[in-house]
Amino acid sequence: MQNIRINGQRLWDSLMEMAKIGATEKGGVCRLALTDVDKAARDLFVRWCEEAGCTVSVDKMGNIFARRPGKDNALPPVMTGSHIDSQPTGGKFDGIYGVLAGLEVVRTLNDLSYETNAPIEVVAWTNEEGSRFAPAMVASGVFAGEFELAYGLACKDRDGKSIGEELERIGYAGAAECGGRAVGAFFESHIEQGPILEAEAKTIGVVQGVQGIRWYEIEVIGMEAHAGPTPMERRKDALVGAARMVEEVRRIGFANLPNACATVGMMEVSPNSRNVIPGHIFFTVDLRHPEAGILEAMSKELEGACEKIAAELKLELKFEEIWYSPPVKFHDKCVGAVQEAADALGFENRGIVSGAGHDAVYVSRVAPTGMIFVPCKDGISHNETESATPEDIAAGCDVLVNAMVACADAD
Ligand code: GLV
Ligand code: MN
Ligand code: MN
């Protein structure tokens, strides 16, 4: 262990500078994937990487790789990174922290004139959030061979624009093949996005794995009719059906505690007019659990409950699972490197399972992978008030640089 320390002020300043791109009034960011603000943030990241001496390449999914050579460039790179895109009401840290922590690793190694054995790469993955284009983590998924390139490029937003079109539009449809190359190890630093580290006054979460996620798109179809003359018993009100289904989602979440989560995050009501009985509802469901079997049982229960409600109310139901990300256990080598670095640097730490999805999930299929968590204020994330301290942000990056150097010099 080298006990290298990064420049915490420089990392913090870079985060705050980046947070100006897509800044919201409430202090967060809105940087939806492949919008003009995403492009502006990508451009700034690329400029900073080039100024730090890296060679930048972009692949066909718009993933950006910044490479710092090592002594032996035939070795597969030790890679780190996360995502630049955010939720519509996102914070200043989710994703971008892992990207800029990677840049800070490069800058720190430059300051020290430290030549690692294997090269180092910093990556910004396209569309991690899945907010504009479902599913989440799609571009790291293509990189890892989970999805075909054609599938990734064809993912559409709710206005019908595809990832491929939007990459072309913002100038990030790169030439490099997406994936198909060796990665020595991958690390992702991230805020925890939950309350555990803060509650236990731990600085570092040594991430052991990530819970499973299933995403559904549900359509409930009834019949539009006049809100005045149509008697109550003759109605086919799609919104009433959807409302009862939302209650079921919540019930299933509570029924599978302590570890289950169940959320309806998006709903579209059509025609959305105050004196028309709603004829068509589109809504999404996000189910999560660390155990694959329980998660599957939750999804079966949800489908059965939705069918029952639709039949009772004489509504048509379209129920589609659009994404399954199974629970993941990270690689002993990388979890060990994070643990060792956190201990050697003297940071209070604990093992933790991620409740959020991350690009590290897919990368773990093609490379030994680990993650580093730091606390966030009140455990709040996917919220403009998301906050973390400069000290914790720096500590996570200290752990990152030492874990990466240990792997890059191991061969
Ligand atoms: C990504 O932020 C997710 O966990 O849904
Ligand atoms: Mn994230
Ligand atoms: Mn997120």
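Start at 1 and go down the list; that is how both ligands and their atoms are numbered.
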Expected rows: ligand 1 N/O, protein N/O, dist below 3.5 Å:
| from | atom 1 | to | atom 2 | distance (Å) |
| --- | --- | --- | --- | --- |
| ligand 1 | 2 (O) | Glu129 | OE1 | 3.0 |
| ligand 1 | 2 (O) | His382 | NE2 | 3.2 |
| ligand 1 | 4 (O) | Arg288 | NH1 | 2.9 |
| ligand 1 | 4 (O) | Arg288 | NH2 | 3.3 |
| ligand 1 | 4 (O) | Gly357 | N | 2.7 |
| ligand 1 | 5 (O) | Arg288 | NH2 | 2.7 |

Measuring to the Mn ion (ligand 2), does His190 have an N/O/S atom at a distance below 2.8 Å? yes

Pick from Thr203, Val206, Leu197: which one makes a side chain to side chain contact (heavy atoms under 4.5 Å, CB included) with Arg350?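 Only match with Arg350 under side chain to side chain contact (heavy atoms under 4.5 Å, CB included): Leu197.
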
Examine the side chains of [X] and [Y] and answer whether a donor and an acceptor come within less than 3.5 Å of each other.
X	Y	result
Arg365	Ser140	no
Glu386	Ser381	yes
Asn7	Asp111	no
Asn259	Glu291	no
Thr389	Asp392	yes
Asp94	Gln87	no
Trp125	Asn63	no

Would you name the heavy atoms of Gly279 and Pro271 that are closest together and state the gap between them? N-CD, 4.2 Å

Taking only protein atoms, how many N, O or S atoms are found under 2.8 Å from the Mn ion (ligand 3)?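 Count of protein N, O, S atoms less than 2.8 Å from the Mn ion (ligand 3): 4.
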
Carefully, step by step, assess Arg132 and Asp159 under the rule salt bridge (Lys or Arg N to Asp or Glu O under 4.0 Å). CA-CA 10 Å; Arg132 181 173 178 201; Asp159 296 329; over 6 Å; no

